[in-house]
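Numbers restart at 1 for each chain; the letters A, B, ... are given by sequence-line order, proteins then strands.
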Protein chains: 2
Amino acid sequence: MPTNTSLENLFHLVHALKQQMHRHIEELGLNITAMHIRTISIINDKGSCTASEVASFLQRDKAQITRLLNALIKDDLITKENNPDDKRSQCLRLTEKGLHLLKQIKGIEKTIFKMMSNGMSEETLEGFQQVTKQLTRNLTG
Amino acid sequence: MPTNTSLENLFHLVHALKQQMHRHIEELGLNITAMHIRTISIINDKGSCTASEVASFLQRDKAQITRLLNALIKDDLITKENNPDDKRSQCLRLTEKGLHLLKQIKGIEKTIFKMMSNGMSEETLEGFQQVTKQLTRNLTG
DNA sequence: GATAAGTGATTGATAATATCAACCATAATA
DNA sequence: TATTATGGTTGATATTATCAATCACTTATC
């Protein structure tokens, strides 16, 4: 039964991952979506960045990013400050509320990662990450 | 810069994969979406199956599957025949047109897989598949 | 310094993906 | 037979995603 192609397996994994994320987010009563979470994480990791940097990292259309950011601003999770280097863009930064939410998210991610990698060795997991990155590089060259 | 979490890496890979699929589908002028393709593949692989089997395999809401199947029927890619075992459900099968489309899809998947796995050994790829499956099992167990 | 081309961001329109709740028909069971 | 469960459909709605047009500003070129 050749439905087990390499691509199907990956799609299944990511789908299961998203469902888990969704469940945990709901359980914590966090009124937020997956893309919002990724956006908040990126802004935090980069310390401060612009909308186009987020778009470039996520490889998404800038229109989508604009809307994503607007929702986060409306929820008081991030702020937009003037970018001294370029009057067209603004620097994004997490608010206190955003930082607090991020902490909860990190907890969820840790839980899911533990569940997902149960019984697997460090080497196996690290190897998996490296292959994942290489596959992505090959596709995006 | 810890944006390279395990989850982010996976999301990136699948996103890149979907973009490649989309590009190839457009280039061939196939007027079809990613979920339609997966649905057609499943029906073909199972030989014949019902809507709820598709829903179960894809882990999707049955409402989504109904609409997916309706689109495929409208495009004359699959047919619905009476299920002798259960009057509530119907057996799905690919039409000639569906089989022809599937061949084109298989070609695209092969191309993408080649590109993605360029320079990687059989063992590495097989190991990756196994880990992917195990991670999924751990999440859905 | 003026002009042209490029980049950052926003808005409108729209498609694809996804779920929930209500519902009908049929099946399984108690 | 009455109840419960399952297969499937429909309506409503949210999320994710892209394209095209546009405005503001920046950079490059003349």
Side-chain angles (χ1 to χ4, degrees), chain A residues 11-12 14-23 25-26 30-40 42-43 48-75 78-92, chain B residues 11-12 14-23 25-26 30-40 42-43 48-75 78-92:
Chain A
F11 290 149
H12 268 116
V14 166
H15 182 64
L17 216 37
K18 286 186 178 171
Q19 283 191 327
Q20 282 293 333
M21 286 292 287
H22 196 264
R23 182 179 316 178
I25 290 164
E26 284 228 312
L30 305 178
N31 185 25
I32 195 137
T33 71
M35 285 302 285
H36 291 153
I37 285 176
R38 294 176 72 186
T39 305
I40 286 174
I42 290 163
I43 293 170
S48 167
C49 68
T50 64
S52 69
E53 286 179 82
V54 176
S56 154
F57 185 84
L58 287 176
Q59 289 280 290
R60 294 305 194 286
D61 191 277
K62 52 194 180 161
Q64 186 188 0
I65 303 302
T66 293
R67 286 164 180 133
L68 237 31
L69 296 176
N70 282 342
L72 295 178
I73 291 167
K74 194 176 153 233
D75 284 351
I78 67 170
T79 56
K80 255 190 337 194
E81 299 161 22
N82 285 342
N83 181 357
D85 299 337
D86 190 332
K87 283 180 192 164
R88 291 168 303 180
S89 72
Q90 290 94 32
C91 297
L92 306 167
Chain B
F11 290 149
H12 268 116
V14 167
H15 182 66
L17 216 38
K18 285 185 177 171
Q19 282 192 328
Q20 282 293 332
M21 285 292 286
H22 197 264
R23 182 179 314 177
I25 289 162
E26 283 228 312
L30 305 178
N31 186 25
I32 196 138
T33 72
M35 285 303 284
H36 290 153
I37 285 176
R38 294 176 71 186
T39 305
I40 287 175
I42 290 162
I43 295 171
S48 168
C49 68
T50 64
S52 70
E53 287 179 81
V54 176
S56 155
F57 185 85
L58 287 177
Q59 290 279 291
R60 294 305 196 285
D61 191 275
K62 52 191 180 164
Q64 186 187 0
I65 303 302
T66 293
R67 285 164 181 133
L68 236 31
L69 295 176
N70 282 342
L72 295 178
I73 290 166
K74 194 175 153 235
D75 284 352
I78 67 170
T79 57
K80 255 192 334 196
E81 300 161 23
N82 284 343
N83 181 357
D85 299 337
D86 191 331
K87 283 181 193 165
R88 290 169 302 179
S89 73
Q90 292 94 33
C91 297
L92 307 168

Protein-nucleotide distance (B/Leu58, atom CG; C/dT19, atom C1'), rounded to Å: 15 Å
Between C/dA16 (P) and B/His15 (NE2): distance, integer Å: 17 Å
Assign each of A/Glu26 and B/Thr33 the nucleotide of DNA chain C bearing its closest heavy atom; nearer the 5' end lies the nucleotide of B/Thr33
What does the inter-axis angle of the helix from C/dG1-D/dC30 to C/dA30-D/dT1 come out as, five pairs per end, nearest 10 degrees? 30°
Scan B/Asp86 against the nucleic acid and name what it touches under 4.0 Å (heavy atoms): base, sugar-phosphate only, or nothing. sugar-phosphate
Distance in angstrom units between A/Leu69 CG and C/dA9 P, rounded: 9 Å
So, applying side-chain hydrogen bond (donor to acceptor under 3.5 Å, both in side chains) with A/Ser89, which one of A/Asn83, A/Thr50, A/Asn82 is it? A/Asn83
Which of these passes side-chain contact (heavy atoms from CB on, under 4.5 Å) with B/Gln19: B/His15, B/Met21, B/His22, B/Arg23? B/His15
Over how many whole Å does the gap from A/Arg60 atom CZ to C/dT10 atom P extend? 18 Å
What is the separation between atom CD on B/Gln90 and atom C1' on C/dA25, rounded to the nearest whole Å? 11 Å
Between C/dT10 and A/Lys80, is there an OP1 or OP2 to side-chain N/O distance shorter than 4.0 Å? yes
On DNA chain D, check which nucleotide each of A/Lys62 and A/Gln59 is closest to and give me the residue with the more 5' one. A/Gln59
Assert: residue with more 5' nearest nucleotide on DNA chain C, out of A/His22 and A/Ala63, is A/Ala63
Atom-pair distance (NZ on B/Lys87; C1' on C/dA28), nearest Å: 15 Å
B/Arg67 has its side chain closest, among C/dG8, C/dT19, C/dA25, to C/dT19
Outermost contacting nts on DNA chain D, any atom under 4.0 Å from chain A heavy atoms, listed 5' then 3', are D/dT15 to D/dT26
Of all heavy-atom pairs linking B/His12 and A/Phe57, the shortest is NE2-O, 2.9 Å
Under 4.0 Å, counting only non-hydrogen atoms across every strand here, what does B/Ala34 touch: a base, just sugar-phosphate, or nothing? sugar-phosphate
Check whether any side-chain heavy atom of B/Lys80 lies under 4.5 Å from a side-chain heavy atom of B/Leu69, and answer yes or no. no
Are the side chains of A/Cys49 and A/Val54 in touch, meaning some heavy atoms are under 4.5 Å apart? yes
The side chain of B/Arg88 lies closest to which of these nucleotides: C/dT26, C/dT19, C/dT11? C/dT26
Remember a base hit wins even if backbone is also touched, and classify B/Thr66 as base, sugar-phosphate or nothing at under 4.0 Å, heavy atoms. base
For B/Ile25 and B/Ile32 the tightest heavy-atom approach is CG2-O, 3.7 Å
Answer with yes or no whether the side chains of B/Thr39 and B/His36 bring together a donor and an acceptor at under 3.5 Å. no
Between B/Arg67 (side chain) and B/Ile65 (backbone), is there a donor-acceptor pair under 3.5 Å? no
Starting from the 5' end of DNA chain D, give me the residue, A/Asn31 or B/Gln19, whose nearest nucleotide shows up first. A/Asn31
Protein-nucleotide distance (A/Leu68, atom CG; C/dT10, atom P), rounded to Å: 12 Å
Give a yes or no on whether the backbone of B/Leu58 and the side-chain of B/Arg60 come within a donor-acceptor separation of less than 3.5 Å. yes
B/Gln64 CD to C/dT19 C1', straight-line distance once rounded to whole Å: 9 Å
Which listed nucleotide (C/dT11, C/dA27, C/dT17) is nearest to the side chain of A/Asn70? C/dT11
Give a yes or no on whether the backbone of A/Ser56 and the side-chain of A/Gln59 come within a donor-acceptor separation of less than 3.5 Å. yes
